[in-house]
Amino acid sequence: MKYSFLNDYSEGGHPQVLAALNQTNLVQSVGYGQDEYCLQAKEILKEKMQNKNVDIHFLVGGTQTNMIMIASALKDYQAVIAVDSGHIQVHETGAVESTGHKILTCPHQDGKINVSMIDEIYRQHTDEHMVQPKMVYISQTTEYGTYYTLEELKTIYAYCKEHQLYLFVDGARLGSALVLENAPTLRDLAQYSDAFYIGGTKMGALFGECLVLINDDLKPDFRYHIKQKGAMLAKGRLLGLQFLALFKEDLYYKIGLHENKCAHIIKEGLITNHIPMYIDSPSNQLFPIFEKNIYQRLSQDYAMTEMFNVDEDHICVRLVTSWATPEEICHEFINDLAQL
Ligand SMILES: Cc1ncc(COP(=O)(O)O)c(C=O)c1O
């Protein structure tokens, strides 16, 4: 096997993250996220958002963050709206549902939701014999590597405000989106959502997600929710420190640019070799459709995720690039493909 394109968490942590952990290893600090590193990381992030009023909490993983966020925001009878391909719907083992909340889904369009899709679900839920939609969940980037532009985010947020819905943005892969054209910045996200998270695990951290609460209604007692769900890390400094390393010199954005550049090299090569794409993704996840005999030979050297059979002879797969992907391997992959 030459290389795995299975995921953006196939490697450990970025060397700068590891260096920060190593340099501070023997420093003693208070626990549970109330240490100096967490405070510093929060200050830098608030600066970037140009918003001192947000609350920031560091958590360990994405499923945990989604579940705690959604469960803490909703009353027992309230539900969250998402696309059918949404991570909370497909890949989280019913974590949200296990807290008693229904996920109301609609078919996605290029991985995304829009206002008319939200509106249809909202209108179908008319009275107390049904659950009450109270939140819209989107992810940036989406499960199909697409992203919401600032205009799209603003439109969805405006609808949510008009209908008293919270807008929650899952940013497990936010770094890949932040560097794309017309994408919302951290400052925009803090203005046009009620809560969002900045993914670390898929962006060069060993682990960790950074949840930002904007709407005041979502803030009270949040640390109680975290603790009760078993998610308050005693060595919370490890989370703050990693986000400090990712943001103090904008490493986070550099990683996003690198991931996208690698994916772009592969995408251009695929197009040159007449390989169709299932979806036109500009980020670090690609979805080419290969002839099965070509895929079979390619997969002897490169690991990819098999998504679905397009027909008897074709398969759609997913390739993901990471902070650690060497550009050379992307060229080599295309050269190897061209030989087949
Ligand atoms: C968009 C998105 N959200 C959440 C998660 C869940 O993260 P974790 O595996 O850390 O629970 C993932 C993981 O693949 C993801 O892609």
Side-chain angles (χ1 to χ4, degrees), residues 4 6-25 27 29-42 44-45 56-70 87-88 91-93 95-96 139-141 143 168-178 186 195-213 222-223 225-256 258-259 284-285 305 320-325:
S4 167
L6 283 180
N7 247 310
D8 33 18
Y9 47 86
S10 300
E11 300 89 4
H14 189 281
Q16 278 175 245
V17 170
L18 295 189
L21 291 166
N22 209 15
Q23 278 154 18
T24 55
N25 196 35
V27 177
S29 68
V30 290
Y32 299 106
Q34 299 197 302
D35 58 278
E36 200 47 43
Y37 308 117
C38 286
L39 294 181
Q40 276 180 43
K42 288 179 189 181
I44 289 181
L45 287 164
I56 296 179
H57 300 277
F58 297 110
L59 292 146
V60 175
T63 303
Q64 184 189 77
T65 306
N66 287 334
M67 178 186 68
I68 296 173
M69 180 67 247
I70 294 168
H87 205 272
I88 54 168
H91 298 296
E92 298 188 5
T93 328
V96 169
S139 64
Q140 180 81 325
T141 59
E143 290 304 302
F168 170 43
V169 184
D170 170 341
R173 294 195 169 86
L174 191 61
S176 178
L178 284 173
L186 288 181
F196 71 98
Y197 80 84
I198 306 168
T201 308
K202 298 176 175 66
M203 294 299 311
L206 284 173
F207 55 86
E209 322 296 323
C210 169
L211 179 64
V212 182
L213 304 179
F222 202 81
R223 279 174 63 83
H225 291 292
I226 296 177
K227 182 68 184 178
Q228 197 177 52
K229 293 280 188 303
M232 194 173 282
L233 192 64
K235 291 184 185 173
R237 63 187 273 168
L238 302 179
L239 294 165
L241 194 54
Q242 293 186 78
F243 277 93
L244 192 55
L246 287 172
F247 278 95
K248 75 173 177 207
E249 285 159 10
D250 287 339
L251 175 62
Y252 197 77
Y253 298 87
K254 290 175 199 153
I255 289 174
H258 174 78
E259 289 181 344
N284 73 325
Q285 300 181 80
T305 305
V320 188
T321 55
S322 83
W323 63 269
T325 306

To the nearest 0.5 Å, tell me how far His57 NE2 sits from Leu239 CG. 13.0 Å

Quick one: ring pair (Phe, Tyr, Trp, His ring centres under 6.0 Å) partners of Tyr197, sequence neighbours excluded? none

Could you pull out every donor-acceptor pair under 3.5 Å between side chains of residues 13-24 and any protein atom, sequence neighbours left out?
residue: His14; atom: ND1; partner: Gln16; partner atom: N; Å: 3.0
residue: Thr24; atom: OG1; partner: Ala20; partner atom: O; Å: 2.7
residue: Thr24; atom: OG1; partner: Leu21; partner atom: O; Å: 3.3

With heavy-atom distances below 4.5 Å as the criterion, would you say the side chains of Ile88 and Ile70 are in contact? yes

How far does CZ of Arg237 sit from CG of Leu39, to the nearest 0.5 angstrom? 13.0 Å

To the nearest 0.5 Å, what is the distance between CG on Asp170 and CD on Glu143? 8.0 Å

Any pair counted as side-chain hydrogen bond (donor to acceptor under 3.5 Å, both in side chains), so long as it reaches residues 199-213, sequence neighbours left out: Thr201-Glu209

Listed pairs under 3.5 Å, donor-acceptor, residues 226-234 side chains, sequence neighbours left out:
none

Here the pair of heavy atoms bringing Val320 nearest to Leu6 is CG2-O, 3.8 Å

Sequence-distant partners of Asp250, side-chain contact (heavy atoms from CB on, under 4.5 Å), two or more places apart: Lys48, Tyr253

By side-chain hydrogen bond (donor to acceptor under 3.5 Å, both in side chains), Glu249 pairs with (sequence neighbours left out) none

Exercise: identify the closest heavy-atom pair between Met69 and Ala195: SD-CB, 3.8 Å

Heavy atoms, side chains only, cut-off 4.5 Å: are Leu186 and Leu174 in contact? yes

I'd like to check the ring pair (Phe, Tyr, Trp, His ring centres under 6.0 Å) partners of Phe247; sequence neighbours left out, ordered by chain and number. Tyr252

So, taking the atom named CD in Gln34 and the one named OG in Ser29, what distance separates them when rounded to the nearest 0.5 Å? 11.0 Å

Mind checking whether Arg223 and Tyr32 have side chains closer than 4.5 Å, heavy atoms only? yes

Glu259: which residues meet the side-chain hydrogen bond (donor to acceptor under 3.5 Å, both in side chains) condition with it, sequence neighbours left out? Asn284

Strictly distance-based, threshold 3.5 Å: is any side-chain N or O of Gln242 a donor or acceptor partner for the main-chain N or O of Leu206? yes

Checking His87 now: which residues fulfil side-chain hydrogen bond (donor to acceptor under 3.5 Å, both in side chains) with it, not counting sequence neighbours? Glu92

Heavy atoms of Gly236 and Asp35 approach each other most closely as C-OD1, 3.9 Å

With a 4.5 Å cut-off on side-chain heavy atoms, are Leu246 and Ile255 touching? yes

How would you list, by chain and number, every residue that makes a salt bridge (charged side-chain N to carboxylate O under 4.0 Å, His left out) with Arg173, sequence neighbours excluded? Asp8

CG/Leu59 to OG1/Thr65 distance, rounded to the nearest 0.5 angstrom? 4.5 Å

Which residues pass the side-chain contact (heavy atoms from CB on, under 4.5 Å) test with Ala41, not counting sequence neighbours? Phe58, Phe243, Leu244

Can you list everything that forms a side-chain hydrogen bond (donor to acceptor under 3.5 Å, both in side chains) with Tyr37? Sequence neighbours excluded, please. none

If you look at every heavy atom in Cys38 and Gly33, which pair is closest and at what distance? CB-O, 3.5 Å

If you look at every heavy atom in Ser322 and Thr325, which pair is closest and at what distance? N-OG1, 2.7 Å

